[in-house]
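Side-chain atoms are counted along with the backbone in the values below, which use heavy atoms only and exclude waters and symmetry mates.
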Amino acid sequence: MALKHFRTLAPVLGNSFQRKTFGQPKKTSWFSVKPYSSSDGGAGQTVVSERRGSVVTVAINRPEVRNAVNQETARRLFEELKAFDSDPGLNVAVIHGKGGNFCAGYDLKELANHTGPSKLEQDVTKGPGPLGPSRLQLSKPLIAAVSGFAVAGGLELALLADLRVMEESAVMGVFCRRFGVPLLDGGTVRLPQLIGLSRALDLILTGRPVGAQEALAYGLANRVVPDGQALEAALQLAEQISSFPQQCLRADRASAMYSCYDALSFTQAMQYEMDHGFPVIQDEAIPGAIKFTAGVGRQGKFL
């Protein structure tokens, strides 16, 4: 099935494919982050967002090119996820693609038409990644609802998420391998951490397609659902996560991320866990314990 999709995508790779923004349009400020805004329909917009209580959906809206990301789309994705992270009323975001595909990577037609020296910010501490939000270290959970193709830079966007809900016919892969387009949005950083170096190198070096069941076995996908149901399943998961005490959830999440990417030693990771978990006891753990002793949540029942 994955190979079938690989062949299907091949004819459009030249104009809708992978990644990397080398050269930005006119004068666009990457860091002009607006307050979070919902969209009423998305006509003419490359990114469409919708707020649903404490959950927000962020959709790539370029279905005519399998949601390949151009510079405008990268800027909008960065703005929307930055706004989500700073909004105290939002707990979880779900990123997905309109029209049956998650994202086919950076728009190679835009890259092919670029002339002159690259304006890509090479200092990762000073600006967004080529696809926009890939350099963000979000403080709240992000879920990717993956349908169709999540390949090349699209795979890297999916790796930015904490969890990936993948449809049965969806395909992931480093399809940019054949065109000499490097992974510059965290693919070589996040993929080995998620699935191990050996498996990551298999995907990175060969560029082969990976179907949903293999992705699930690897830990690349966290859930596999029937076609057409990824977004709904991701929203249900987001609502469940949003219902938990958030200070505790974010402290545990931050500790797991720190131990994986930043800690220099076991002791340092353990200290970070204590420093960030201990303040939660007074605010959430003691009230939670009182609820438990009163009979709430017994026998493992969710609240």
Any side-chain heavy-atom pair of Asn222 and Val165 under 4.5 Å: no
Is Thr206 reaching over with its side chain to a backbone N or O of Asp202, donor-acceptor style, under 3.5 angstrom? yes
Between Asp162 and Arg253, does the salt bridge (Lys or Arg N to Asp or Glu O under 4.0 Å) criterion hold? Intermediate values first, please. CA-CA 9 Å; Asp162 298 67; Arg253 176 187 179 276; 2.6 Å; yes
Counting heavy atoms not belonging to Gln137, are there more than 12 under 6.0 Å from its CD? no
Please step through side chain to side chain contact (heavy atoms under 4.5 Å, CB included) for the pair Leu81 and Leu142, ending with a clear verdict. CA-CA 9 Å; Leu81 290 182; Leu142 173 66; 4.1 Å; yes
Is it true that the side chains of Ser169 and Asp227 contain a donor and an acceptor less than 3.5 Å apart? yes
Does the Asp107 side chain pair with the main chain of Lys109, one donor and one acceptor, at a distance under 3.5 Å? yes
Would you call Arg135 and Asp185 a salt bridge, taking side-chain N to carboxylate O under 4.0 Å as the test? no
Would Leu183 and Leu191 count as a side chain to side chain contact (heavy atoms under 4.5 Å, CB included) if you check the C-alpha gap in whole Å, the side-chain angles of each, and the deciding distance to 0.1 Å? CA-CA 11 Å; Leu183 297 170; Leu191 191 60; over 6 Å; no
Could you tell me whether a side-chain N or O of Glu167 sits under 3.5 Å from a main-chain N or O of Ala230, the two making a donor and an acceptor? yes
Carefully, step by step, assess Ser54 and Val92 under the rule side chain to side chain contact (heavy atoms under 4.5 Å, CB included). CA-CA 7 Å; Ser54 59; Val92 185; over 6 Å; no
Are the side chain of Gln246 and the backbone of Ile241 linked by a donor-acceptor contact shorter than 3.5 Å? yes
Out of curiosity, Ile286 CD1 to Lys291 NZ, how far, rounded to the nearest 0.5 Å? 14.0 Å
Measuring from atom CG of Leu155 to atom CG of Leu220, what distance do you get when rounded to the nearest 0.5 angstrom? 6.0 Å
Lys140 backbone acceptor or donor facing Arg250 side chain under 3.5 Å: no
Please report the closest heavy-atom contact between Leu159 and Gly187, naming both atoms and the distance. CD1-CA, 4.1 Å
So, Arg164 side chain and Ala161 main chain: donor-acceptor pair closer than 3.5 Å or not? yes
Is there a donor in the side chain of Glu214 and an acceptor in the side chain of Tyr218, or the other way round, less than 3.5 Å apart? yes
In the structure I gave you, are the side-chain heavy atoms of Leu157 and Pro133 within less than 4.5 Å of one another anywhere? yes
Decide, yes or no, whether a salt bridge links Arg52 with Glu50 under the criterion of side-chain N to carboxylate O below 4.0 Å. yes
With a 3.5 Å distance limit and no angle check, can you tell me whether Arg76 reaches the backbone of Val47 through a side-chain donor-acceptor pair? yes
So does Glu79 pair up with Lys82, basic N to acidic O under 4.0 Å? no
Is it true that the side chains of Thr73 and Asn70 contain a donor and an acceptor less than 3.5 Å apart? yes
Are any side-chain N or O atoms of Asp85 and backbone N or O atoms of Ser139, one a donor and one an acceptor, separated by less than 3.5 Å? yes
Verdict with reasoning, Gln213 to Leu216, per side chain to side chain contact (heavy atoms under 4.5 Å, CB included): CA-CA 5 Å; Gln213 291 304 321; Leu216 183 65; 4.0 Å; yes
Does NZ or CZ of Arg177 fall inside the cone over Phe179's six-membered ring, less than 6.0 Å from its centre and within 45° of the axis? no
Side-chain heavy atoms of Arg62 within contact of Val65, under 4.5 Å: yes
Ser134 side-chain N/O to Leu131 backbone N/O, donor-acceptor pair under 3.5 Å: no
Donor-acceptor pair, Glu239 side chain versus Val55 backbone, under 3.5 Å? no
Above 12 or not: heavy atoms from other molecules or residues under 6.0 Å from OH of Tyr261? yes
Verify the neighbour count for atom CZ of Arg190: are there more than 12 heavy atoms of other residues, nucleotides or ligands below 6.0 Å? yes
